[in-house]
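I have placed the structure first, in the form of structure tokens, so that the comments after it can refer back to it.
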Amino acid sequence: MNLNLNNKVFIVTGGAKGIGAAISNTIAAEGGIVVIAGRNKNDNQLIIDKIVKAGGKASSVRVELARQEACKEVIDFTIDKYSRIDGLINNAGVNDGVGLESGNPEKFLESLQKNLSHYYNLTHYALPFLKTTKGNIINIGSKVAVTGQGNTSGYAASKGAINALTREWAVELLPFSIRVNAVIPAEVWTPLYENWINSLPNPKEKLAQIISKIPLEKRMTTAEEIANMVAFLLSDRSSHTTGQIIYVDGGYTHLDRSLT
Ligand code: NAP
């Protein structure tokens, strides 16, 4: 199936590592041009080198997205370089463990800046350009929005809001034929996941316990499986899909526990 992403321009936040890196690689392999917005210069360069070596096109902008002005810088960089934006993939985030007792009001707000505000800010600044291309927005959420996790109020609030904004923006952007969808991972092995599992008392046992409860094939979802869904949603092969919250999780969030 040709996804027709050739020479279209896609911004991937947190596109240098984990799920974001898989999204960057997949878009580039489909002929799209990737703009990676990430805060680590070396990580950004490593993935650009990999994409270019494989014959793809990519560039990066080094930004800390929790900083409000950074989001405008990402859009300005992309327009200066490529003069268009065909898609925005809001992906960067961190499960930062700001709980009711472990956190405080300042840390809660900071967590929203790390996980939520840049989704809005980037979409706001990208909108004029997305209108021109009838572009596309994908928000990466988390199953934590609907299951909770404990000790992570800022992250859970952000991911819940991301689901709500996916529907809200899908409605607001109907007149412009801009589609907005969310892709929801549950258990994907990435640097973020590794840090999180290692923060728990018995990481190995906990991981085995989680994996044993993933209904489809008792294994974690790969970052590439998330990326494949994102690429499909970005493409005109999904031209009548909008406002959807799609779980790519081997059935982890929803299937009947008594059967799994
Ligand atoms: P990851 O391995 O930590 O990769 C995220 C990338 O984004 C890293 O390069 C990170 O930089 C960068 N980043 C994060 N916050 C940033 C910021 N404020 N400014 C600039 N760059 C930033 O994370 P992941 O596991 O791939 O997660 C990607 C998305 O999937 C997140 O939204 C996460 O909530 C969601 N998710 C993941 C899982 C899972 O199982 N992995 C499950 C549910 C949801 P640093 O390396 O400097 O931190």
Side-chain angles (χ1 to χ4, degrees), residues 11-26 34-48 50 60-71 73-74 77 88-98 110-122 138-149 152 154-163 165-166 182-200 206-207 210-211 213-214 219-227 229-230 245-250 252-253:
I11 298 170
V12 185
T13 69
K17 268 200 202 165
I19 290 169
I23 294 170
S24 300
N25 285 326
T26 303
V34 186
V35 177
I36 292 157
R39 61 184 161 208
N40 185 304
K41 200 176 170 189
N42 288 343
D43 290 341
N44 290 351
Q45 195 54 50
L46 277 174
I47 186 154
I48 288 176
K50 187 177 167 196
S60 74
V61 50
R62 185 188 184 186
V63 276
E64 167 50 68
L65 292 161
R67 204 171 47 84
Q68 197 176 312
E69 314 78 62
C71 296
E73 287 164 25
V74 172
F77 170 88
L88 168 65
I89 299 95
N90 287 312
N91 162 75
V94 60
N95 192 347
D96 50 1
V98 177
E110 277 170 28
S111 181
L112 299 186
Q113 294 285 345
K114 290 177 191 169
N115 285 300
L116 175 62
S117 300
H118 54 86
Y119 278 49
Y120 174 88
N121 298 341
L122 276 163
I138 311 282
N139 293 325
I140 304 298
S142 169
K143 62 113 182 145
V144 170
V146 294
T147 62
Q149 188 177 77
T152 197
Y155 184 72
S158 299
K159 293 304 189 183
I162 286 164
N163 285 0
L165 289 176
T166 299
V183 175
I184 313 296
E187 311 294 328
V188 185
W189 191 258
T190 64
L192 174 72
Y193 194 96
E194 191 174 5
N195 286 341
W196 171 73
I197 202 96
N198 284 333
S199 73
L200 304 177
K206 182 69 181 169
L207 182 62
I210 291 171
I211 290 175
K213 290 184 176 150
I214 298 174
R219 65 168 177 83
M220 298 183 80
T221 308
T222 66
E224 289 69 29
E225 287 171 320
I226 305 287
M229 177 59 75
V230 170
I245 296 171
I246 299 172
Y247 289 76
V248 181
D249 68 350
Y252 189 71
T253 313

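When reading the values below, keep in mind they use all heavy atoms of this one structure, side chains included, and skip hydrogens, waters and symmetry mates. Ligands are counted one by one from 1 in listed order, and the atoms in each one are counted from 1 as well.
Regarding atom 25 (O) of ligand 1, its nearest protein heavy-atom neighbour is Thr190 OG1, 2.5 Å. For atom 7 (O) of ligand 1, the closest non-hydrogen atom on the protein side is Gly14 CA, 3.1 Å. At the top of the distance list for atom 13 (N) of ligand 1, counting protein heavy atoms only, stands Ala92 CB, 3.9 Å. The closest protein non-hydrogen atom to atom 47 (O) of ligand 1 is Arg39 NE, 2.9 Å. Here the protein heavy atom with the shortest distance to atom 32 (O) of ligand 1 is Asn91 O, 2.6 Å. The nearest protein atom to atom 19 (N) of ligand 1, hydrogens excluded, is given as Leu65 N, 2.9 Å; this is a heavy-atom distance. Among all non-hydrogen protein atoms, the one lying nearest atom 9 (O) of ligand 1 is Lys17 CB, 3.3 Å. When only non-hydrogen protein atoms are considered, atom 1 (P) of ligand 1 lies nearest to Leu192 CB, 3.5 Å.
Residue contact check for ligand 1: Gly15 places no non-hydrogen atom closer than 4.0 Å to it. Not a single heavy atom of Glu194 sits under 4.0 Å from any atom of ligand 1. For the ligand labelled ligand 1, residue Val94 lies outside the 4.0 Å heavy-atom shell. The shortest heavy-atom distance from Asn40 to ligand 1 is not under 4.0 Å.
Note: no N/O pair closer than 3.5 Å links Tyr193 and ligand 1 by distance alone. Between Ile19 and ligand 1, at least one N/O pair is under 3.5 Å apart.
Under 4.0 angstrom from ligand 1, there are no non-hydrogen atoms of Lys143. In Tyr155, the part holding a heavy atom less than 4.0 Å from any atom of ligand 1 is the side chain. Proximity of Ala186 to ligand 1, defined as any heavy-atom pair under 4.0 Å, is confined to the backbone N, CA, C and O atoms. At a heavy-atom cutoff of 4.0 Å, ligand 1 is contacted by no atom of Trp196, backbone or side chain. Under 4.0 Å from ligand 1, not a single heavy atom of Thr13 appears.
Between the side chain of Thr13 and the backbone N or O of Ala92 there is at least one donor-acceptor pair closer than 3.5 Å. Although no hydrogens or angles enter the test, the distance criterion places no donor-acceptor pair under 3.5 Å between the side chain of Ser142 and the main chain of Ala145.
Applying the 4.0 Å criterion to heavy atoms of Lys159 picks out, from ligand 1, the atoms 31 (C), 32 (O), 33 (C), 34 (O). Of all atoms in ligand 1, numbered sequentially from 1 with element shown, those under 4.0 Å from a heavy atom of Glu187 are 40 (O). Heavy-atom contacts of Tyr119 reach the following atoms of ligand 1: 32 (O) (cutoff under 4.0 Å). Residue contact check: Gly141 has heavy atoms under 4.0 Å from atoms 35 (C), 36 (N), 44 (C) of ligand 1. Set against the non-hydrogen atoms of Pro191, the atoms of ligand 1 under 4.0 Å away are 2 (O). Remark: ligand 1 atoms within the under-4.0 Å shell around heavy atoms of Gly18 are 2 (O), 26 (O). Under a 4.0 Å criterion applied to the non-hydrogen atoms of Val63, ligand 1 contributes the atoms 19 (N), 20 (C).
Screening Asp96, Leu65, Val98 for a side chain to side chain contact (heavy atoms under 4.5 Å, CB included) involving Lys114 leaves a single residue, Asp96. Applying the side chain to side chain contact (heavy atoms under 4.5 Å, CB included) test between Tyr119 and each of Leu165, Asn90, Leu88, Thr166 identifies Asn90 as the sole match. If you run side chain to side chain contact (heavy atoms under 4.5 Å, CB included) between Met220 and each of Ile211, Asp249, Ile210, only Ile211 comes through. Across Val12, Ile23, Ile184, a single residue satisfies side chain to side chain contact (heavy atoms under 4.5 Å, CB included) together with Ile140, and that is Ile23.
We find the CE-OG1 distance between Met229 and Thr221 to be 11.0 Å, quoted to the nearest 0.5 Å. With rounding to the nearest 0.5 angstrom, the CG atom of Asn95 is 8.0 Å from the CG atom of Asn115. Atoms CG and NZ, on Asn91 and Lys17 in that order, are 12.5 Å from each other to the nearest 0.5 Å.
Other residues, nucleotides and ligands place more than 12 heavy atoms under 6.0 Å from the CD atom of Glu64. Enclosure of atom OH in Tyr120 is not indicated, since only 12 or fewer non-hydrogen atoms of other residues, nucleotides or ligands lie within 6.0 angstrom. Around NZ of Lys143, the count of heavy atoms belonging to other residues, nucleotides or ligands within 6.0 Å exceeds 12.
With distances taken over non-hydrogen atoms, the option nearest atom 41 (N) of ligand 1 out of Val188, Ile23, Val144 is Val188.
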